[in-house]
Peer 1: 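Pasting in a structure now, in structure tokens, and then I'll have a few things to ask.
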Amino acid sequence: MTTLSELLAEHTTMDGETADHLQRVVGEWQLLADMSFADFLLWVPLDDLHAGTGGASRAATAQFLCVAQARPTTAPTAHPDDVVGRRAVPVEVGQLRRAVLEGRICRDDDPRWHLEVPVRRETIPVRFRGRTVAVLSRDTNLSTPRVPSPLEIAYLGSASDLCQMIVDGTFPPQSGPPGSAEGSPRAGDGLVRLDVHGNVAYASPNALSAYHRMGHASDVAGADLATVTKALVLDPFDAKDVAGRINEALDGAPSTRMEIKGRRATMLVRALPLRPRGDAAGALVLVRDVTDLRRRDAALMSKDATIREIHHRVKNNLQTVAALLRMQARRSENPEAGRALEESVRRVTSIALVHEALAYSVAEVVELDELLPKVLPAIRDGATTESRARVRVDSGFGALPAAKATPLVLVLAELTHNALAHAYDPGTAGEVVVSPVRSASRLEVAVADDGHGMPVDFDFERSKGLGLQIVRTLLTSELEATIEVRAREGGGTVAVVRVPLGGS
């Protein structure tokens, strides 16, 4: 789906700061959709409403494009089909223009029918730095009758205050980065509405459960929430901080989310000021019990640390094996046996470097752009020829899971060694270039040399060299990849390895 930033860039001349504000609105509006029991659509005018003169006439003739959409998790959607990218139809344009011209929330007098569903629409002008820059439409599906409950009344009242703050230009706050609400508690996680004095006017059942798990035994209704929360937090600095943030929200200052830990539970807290039309109306406190999530995180971190320690020990053991093989090679009186042992040292060292990379990885992936420039140029020192060719590794490999990275590193090491050993005469200079091209579906790596080229009768599939046999085995059994070996344009040879990335 086309992103908000792409649609704004393609269809408008909106400046970066205004676009960032709309990103902040979209970052917060899932909360609004859930508390409103309604879909939210973001409409932008296709003409600058404030350019030149005649602002009212421009607004009266403006066309609108839907650039983002949010569906509620608390009610049936009014728009089962995506609306993003669609222009407003004539019946919609009038109400959108009205919101711009009057600078206030406008509501349909009568519901309209959309795909056989009755929908009531409210339009909310989005103001930024004293200007209306877009319009939100709040579309409620009226097909399911709702019985007002304390929870629904608290939700709708809080949503109305926040929507009015969007009209006022005070929500979302300009201080936060675009998308700053990501990962914050949602309305369904737990919601507490505070009056202007900081006392609890309403607490949702999930919010009560979170406070009970933190250790608060009684109901919180009517209590000073900052005092109650402060008493539950183990760390005195966190206790003071969370109480301060709740009180700051009552004074009109927005807050970011904060994680607090009690004796038996852990909770995320976020406080939002409610100041429609500039009048203090209390605050909205969102809470989320993350106790079980943090326990799983701790277990995963322990498991991850164990896996990384295993990779570290495997790397150490492989380096010990490589050292023993190197000692044996130096003591060997048979030159051919010594060369074979040195090649084994190179292969074992390549695998050890992969495990070293995994020992510092948090996701069992290998950053090949960091690893290959260490492995491949070092192969030159062990090549059997006395050529002065060098190895260059281009960037663009990206990260691969360990199951693919280990065999691919071995394949590229064998192909690079083969090029250094056979493409150049003793004393000649040259360059072996290892260059990747990565797409969504595959990684294509070319190992190209500028040497004297392949023998006329060379057949890769029938070659009996151990290195190429290793390459063929790894390509088919480990990577499910293909290879093409051909003459390089301008002289030399190029081997192209194509590794599928699907399912990795």
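These numbers come from the heavy atoms of this one structure, side chains and all, not from hydrogens, waters or symmetry mates. The model shown is predicted, which means the values in this text are computed figures rather than measured ones.
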Peer 1: Count the heavy atoms of every other residue, nucleotide or ligand shown that sit under 6.0 Å from CZ of Arg313, and state whether that count exceeds 12.
Peer 2: no
Peer 1: For the residue pair Ala271 and Ala249, what are the closest heavy atoms and their distance?
Peer 2: CB-CB, 3.7 Å
Peer 1: State whether the side chain of Arg438 and the backbone N or O of Phe397 hold a donor-acceptor pair below 3.5 Å, judged by distance alone.
Peer 2: yes
Peer 1: Do Glu152 side-chain atoms and Ser149 backbone N/O form a donor-acceptor pair below 3.5 Å?
Peer 2: no
Peer 1: Between CG of Leu136 and CH2 of Trp43, what distance do you get to the nearest 0.5 Å?
Peer 2: 11.5 Å
Peer 1: Would Ser36 and Arg138 count as having a side-chain donor-acceptor pair, cut-off 3.5 Å?
Peer 2: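 Yes, a side-chain donor-acceptor pair sits under 3.5 Å.
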Peer 1: Evaluate the side-chain proximity of Val445 to Val411: yes if any heavy-atom separation is below 4.5 Å, no if none is.
Peer 2: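 No, every pair of side-chain atoms sits at 4.5 Å or beyond.
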Peer 1: In Å and rounded to the nearest 0.5 Å, what is the CG to CZ distance from Asp81 to Arg86?
Peer 2: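 If I round to the nearest 0.5 Å, the distance is 10.0 Å.
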Peer 1: Looking only at heavy atoms, what is the nearest atom pair of Ala210 and Val287, with distance?
Peer 2: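 Taking every non-hydrogen atom into account, CB-CG2, 4.3 Å.
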Peer 1: To the nearest 0.5 angstrom, please state how far the NZ atom of Lys240 sits from the CG atom of Asp235.
Peer 2: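 The CG atom of Asp235 is 12.0 Å from NZ of Lys240, to the nearest 0.5 Å.
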Peer 1: Give me the one residue out of Asp139, Asp82, Asp34 that meets side-chain hydrogen bond (donor to acceptor under 3.5 Å, both in side chains) with Arg71.
Peer 2: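 Single side-chain hydrogen bond (donor to acceptor under 3.5 Å, both in side chains) partner of Arg71 among Asp139, Asp82, Asp34: Asp82.
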Peer 1: Do the side chain of Asp168 and the main chain of Arg277 share a donor and acceptor less than 3.5 angstrom apart?
Peer 2: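 Such a contact is found between Asp168 side chain and Arg277 backbone.
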Peer 1: Please confirm whether the backbone N or O of Cys106 pairs with a side-chain atom of Gln95, one donor and one acceptor, at under 3.5 Å?
Peer 2: yes
Peer 1: Given Phe171 and Asp161, is the side chain to side chain contact (heavy atoms under 4.5 Å, CB included) satisfied, shown in steps?
Peer 2: CA-CA 10 Å; Phe171 182 80; Asp161 287 344; over 6 Å; no
Peer 1: Run the numbers on Met35 and Leu284 for side chain to side chain contact (heavy atoms under 4.5 Å, CB included), then give the verdict.
Peer 2: CA-CA 12 Å; Met35 292 196 304; Leu284 187 67; 3.9 Å; yes
Peer 1: Yes or no on salt bridge (Lys or Arg N to Asp or Glu O under 4.0 Å) for Arg296 and Asp292, after CA distance, side-chain angles and deciding distance?
Peer 2: CA-CA 6 Å; Arg296 286 196 296 269; Asp292 296 334; 5.4 Å; no
Peer 1: Can you confirm whether Leu232 sits close enough to Thr229 that some side-chain heavy atom of one is under 4.5 Å from a side-chain heavy atom of the other?
Peer 2: no
Peer 1: So, does Asn199 use its side chain to make a donor-acceptor pair with the main chain of Asp195 at under 3.5 Å?
Peer 2: no
Peer 1: Between Val393 and Leu412, does the side chain to side chain contact (heavy atoms under 4.5 Å, CB included) criterion hold? Intermediate values first, please.
Peer 2: CA-CA 11 Å; Val393 182; Leu412 297 179; over 6 Å; no
Peer 1: For Glu92 versus Arg87, what's the shortest heavy-atom pair and its separation?
Peer 2: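 Closest pair (atom of Glu92, atom of Arg87, distance): OE1-O, 4.5 Å.
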Peer 1: Parallel, tilted or perpendicular for Phe128 and His21, by the 30°/60° rule?
Peer 2: parallel
Peer 1: Find the distance between CG (Leu272) and CE (Met165) and round it off to the nearest 0.5 Å.
Peer 2: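 If I round to the nearest 0.5 Å, the distance is 8.0 Å.
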Peer 1: Between the main-chain N or O of Asn316 and the side-chain N or O of Gln319, is there a donor-acceptor pair closer than 3.5 Å?
Peer 2: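 No; judged by distance alone, with no hydrogens or angles, the pair does not exist.
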Peer 1: Are Val200 and Val228 side-chain neighbours, meaning at least one heavy-atom pair lies under 4.5 Å?
Peer 2: no
Peer 1: Taking Ser137's backbone N and O only, do any of them form a donor-acceptor pair with Thr123's side chain (distance below 3.5 Å, no angle check)?
Peer 2: no
Peer 1: Going through the checks in order, is the side chain to side chain donor-acceptor pair (under 3.5 Å) test met by Asp369 and Ser395?
Peer 2: CA-CA 6 Å; Asp369 288 318; Ser395 61; 5.2 Å; no
Peer 1: Can you tell if the side chain of Leu400 reaches within under 4.5 Å of the side chain of Val366, non-hydrogen atoms only?
Peer 2: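 Not touching, per the 4.5 Å side-chain cut-off.
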Peer 1: Locate the shortest heavy-atom distance separating Gly215 from Arg264; write the atom from each residue and the value.
Peer 2: CA-NH2, 3.3 Å
Peer 1: State whether the side chain of Tyr211 and the backbone N or O of Ala203 hold a donor-acceptor pair below 3.5 Å, judged by distance alone.
Peer 2: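 A pair under 3.5 Å: no.
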Peer 1: Counting C-beta onward and ignoring hydrogens, is there a side-chain heavy-atom pair between Ile105 and Cys163 closer than 4.5 Å?
Peer 2: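 Ile105 reaches Cys163 side chain to side chain.
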Peer 1: If you apply the rule side chain to side chain contact (heavy atoms under 4.5 Å, CB included), what do you find for Asn206 with Asp189, and how did you get there?
Peer 2: CA-CA 6 Å; Asn206 284 348; Asp189 295 325; 6.0 Å; no
Peer 1: Between NE2 of His197 and CG of Leu250, what distance do you get to the nearest 0.5 Å?
Peer 2: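 Reported value, rounded in 0.5 Å steps: 10.5 Å.
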Peer 1: With no hydrogens and no angle check, is any side-chain donor or acceptor of Asp39 less than 3.5 Å from a backbone partner on Ala78?
Peer 2: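 Side chain of Asp39 to backbone of Ala78, a donor-acceptor pair under 3.5 Å: yes, one is there.
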Peer 1: Please round to the nearest 0.5 Å and tell me the distance separating atom CZ of Phe37 and atom CG of Leu142.
Peer 2: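 Going from the CZ atom of Phe37 to the CG atom of Leu142 covers 13.5 Å.
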Peer 1: Identify, with sequence neighbours excluded, every residue that meets side-chain contact (heavy atoms from CB on, under 4.5 Å) alongside Pro150.
Peer 2: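 Per chain and number, Pro150 pairs via side-chain contact (heavy atoms from CB on, under 4.5 Å) with Tyr202.
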Peer 1: Indicate the atoms forming the closest heavy-atom contact of Ser218 with His216, along with that distance.
Peer 2: O-CD2, 2.9 Å
Peer 1: Is there a side-chain contact between Leu162 and Glu28 (heavy atoms, below 4.5 Å)?
Peer 2: no
Peer 1: Measuring only between side-chain heavy atoms, which start at C-beta, is Arg257 closer than 4.5 Å to Arg288?
Peer 2: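 No, side chains not in contact.
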Peer 1: Identify the heavy atoms of Pro72 and Ala33 that sit nearest to each other, and give their distance.
Peer 2: CB-O, 3.5 Å
Peer 1: Is the CD atom of Glu480 crowded by more than 12 outside heavy atoms at less than 6.0 Å?
Peer 2: no
Peer 1: Can a donor-acceptor pair be found, under 3.5 Å and without considering hydrogens, that links the side chain of Ser204 to the backbone of Leu191?
Peer 2: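 Checking the backbone N and O of Leu191 against the side chain of Ser204, a donor-acceptor pair under 3.5 Å is found.
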Peer 1: Any non-hydrogen side-chain atom of Glu17 less than 4.5 Å from a side-chain atom of Arg129?
Peer 2: yes
